[in-house]
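Below is one structure, written out as structure tokens; the observations come after it.
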Amino acid sequence: IKKAFEIANQASLSAKELEIQHKRKDFIYIQKASISYAEKKGLQQGLEQGLEQGLEQGLQQGIQQGLQQGLIETAKSMYKKGFKLEMIAEITGLSEEEINRVVRVVN
């Protein structure tokens with residue numbers, strides 16, 4: 001029915017009016033396609049940037065956690081060998097409070 005009304009409406013239009021209507025439909029089609037393309041492209045770029053930033057942050061966090069774990073293991077080893085807490089803190093950069101927490105686990 002919709003198509004029939006469309007045909008009936010077009011039949012009453014002059015050639016110039018039909019051309020204008022077709023150009024308007026073409027313009028709308030092109031605009032919709034452009035918006036769709038821009039949305040897809042924007043989403044793709046956003047995902048790529050987000051993934052890149054996420055990987056970078058994850059890598060940095062992993063490095064920091066690894067370094068921290070290495071310091072803790074060094075502190076444990078030093079404590080087992082009889083180093084004083086002050087010396088362990090000075091060498092590892094950990095606070096004496098952090099070292100105390102670590103050595104409680106060792107004992």
Side-chain angles (χ1 to χ4, degrees):
I1 295 176
K2 183 179 178 182
K3 188 72 172 166
F5 278 120
E6 198 174 299
I7 292 170
N9 285 337
Q10 288 179 358
S12 65
L13 298 176
S14 68
K16 181 81 173 163
E17 290 171 326
L18 269 173
E19 183 181 345
I20 291 171
Q21 188 174 17
H22 286 293
K23 285 182 180 179
R24 196 175 295 143
K25 284 182 180 180
D26 287 344
F27 175 77
I28 291 169
Y29 175 78
I30 290 168
Q31 291 300 313
K32 284 182 179 180
S34 295
I35 290 170
S36 177
Y37 175 77
E39 287 173 340
K40 287 177 185 175
K41 192 71 173 172
L43 179 61
Q44 179 185 2
Q45 287 176 345
L47 287 172
E48 288 171 1
Q49 288 174 353
L51 181 60
E52 185 177 313
Q53 288 173 350
L55 287 173
E56 181 65 29
Q57 287 176 346
L59 180 61
Q60 289 300 321
Q61 287 176 349
I63 289 170
Q64 290 299 322
Q65 289 174 352
L67 288 172
Q68 185 69 16
Q69 190 60 38
L71 291 173
I72 289 170
E73 292 303 318
T74 301
K76 284 179 185 178
S77 178
M78 292 175 75
Y79 179 78
K80 287 178 185 178
K81 292 184 182 201
F83 281 80
K84 294 183 180 181
L85 293 182
E86 297 83 20
M87 181 67 74
I88 297 171
E90 185 179 328
I91 292 172
T92 62
L94 297 172
S95 70
E96 287 187 30
E97 185 179 299
E98 290 172 306
I99 296 167
N100 279 322
R101 279 196 301 261
V102 169
V103 296
R104 272 189 241 135
V105 174
V106 173
N107 290 330

[atom2] on [Y] to [atom1] on [X], rounded to 0.5 Å:
{"X": "L71", "Y": "I91", "atom1": "CG", "atom2": "CD1", "result": "11.5 Å"}
{"X": "D26", "Y": "E19", "atom1": "CG", "atom2": "CD", "result": "10.5 Å"}
{"X": "E96", "Y": "E90", "atom1": "CD", "atom2": "CD", "result": "10.5 Å"}
{"X": "I30", "Y": "K25", "atom1": "CD1", "atom2": "NZ", "result": "14.5 Å"}
{"X": "S95", "Y": "R101", "atom1": "OG", "atom2": "CZ", "result": "6.0 Å"}
{"X": "E98", "Y": "T92", "atom1": "CD", "atom2": "OG1", "result": "8.0 Å"}

List for me each residue that meets salt bridge (Lys or Arg N to Asp or Glu O under 4.0 Å) alongside K16, sequence neighbours excluded, and say none if there are none.
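Counting only residues at least two positions away or on another chain, K16 forms no salt bridge (Lys or Arg N to Asp or Glu O under 4.0 Å).
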Quick one: salt bridge (Lys or Arg N to Asp or Glu O under 4.0 Å) partners of K32, sequence neighbours excluded?
none
Does the S77 side chain pair with the main chain of E73, one donor and one acceptor, at a distance under 3.5 Å?
no
Taking all heavy atoms of V103 and all of Y79, pick out the closest pair and write down the distance.
CG1-CG, 3.2 Å
So which heavy atom on L85 is nearest to which on N100, and how close?
CD1-OD1, 3.2 Å
In the structure I gave you, are the side-chain heavy atoms of [X] and [Y] within less than 4.5 Å of one another anywhere?
{"X": "Q68", "Y": "L94", "answer": "yes"}
{"X": "Q44", "Y": "K40", "answer": "no"}
{"X": "I35", "Y": "E39", "answer": "yes"}

Heavy atoms of other groups near K23 NZ, more than 12 under 6.0 Å:
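No, because the 6.0 Å sphere around NZ of K23 holds 12 heavy atoms or fewer from other groups.
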For residues 51-66, tabulate all N or O donor-acceptor pairs below 3.5 Å that involve a side-chain atom, not counting sequence neighbours.
{"from": "E56", "atom 1": "OE2", "to": "Q60", "atom 2": "NE2", "distance (Å)": "3.2"}

